[in-house]
Amino acid sequence: MEGVLNERTHTVHKKGLENPYSRTKCGATNDLGHDELRTVPVERAVDDFDACRCGRCFADAGGY
């Protein structure tokens, strides 16, 4: 599954497929520039970038 990695917070989000105006499902990255975000597979973000999964995007990741 493709995700959106916030390189500032090292958090990976689900892509915003339901809302074409949002880059992520939760909308948490709407105020960030494209240079702070990277589209990568979720597993790669967690393994290679030591990212945490967003609690709003992933039900099993906890919450904010």
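The residues of the chain are indexed from 1 along the displayed sequence. For clarity, every value in this text was computed on a predicted model and none was experimentally measured.
- To the nearest 0.5 Å, atom CD of residue Glu2 and atom NZ of residue Lys14 are 13.5 Å apart.
- Once rounded to the nearest 0.5 Å, the distance linking SG of Cys26 with CZ of Phe58 reads 9.5 Å.
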If you look only at distance, which donor and acceptor atoms sit under 3.5 Å apart when one is on a side chain in residues 41-50 and the other is two or more places apart or in another chain?
from, atom 1, to, atom 2, distance (Å)
Arg44, NE, Asp48, OD2, 3.2

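- Without hydrogens or angle criteria, Thr29 side chain to Leu32 main chain gives no donor-acceptor distance under 3.5 Å.
- When the side chains of ILVMFWY residues are joined at heavy-atom separations under 4.5 Å, either directly or via intervening members, Val4 and Met1 end up in two distinct hydrophobic clusters.
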Inset, instruction - Could you go through the side chain to side chain contact (heavy atoms under 4.5 Å, CB included) check for His13 and Arg23 one step at a time? - result: CA-CA 9 Å; His13 302 267; Arg23 289 180 256 179; over 6 Å; no

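- In this structure Thr39 satisfies the side chain to side chain donor-acceptor pair (under 3.5 Å) test with no other residue, sequence neighbours excluded.
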Inset, instruction - Tell me, with the steps shown, if Glu7 and Arg38 meet side chain to side chain contact (heavy atoms under 4.5 Å, CB included). - result: CA-CA 7 Å; Glu7 294 186 328; Arg38 179 188 302 216; 2.6 Å; yes

Legend entry - Residue pair Thr24, Arg56: steps toward the side chain to side chain contact (heavy atoms under 4.5 Å, CB included) verdict: CA-CA 10 Å; Thr24 61; Arg56 288 188 245 171; over 6 Å; no

Legend entry - Arg8 and Glu36: CA distance, side-chain angles, deciding distance, side chain to side chain contact (heavy atoms under 4.5 Å, CB included) verdict: CA-CA 6 Å; Arg8 185 187 320 166; Glu36 296 176 289; 2.5 Å; yes

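- The CG atom of Leu5 sits 7.5 Å away from the NE2 atom of His10 when rounded to the nearest 0.5 Å.
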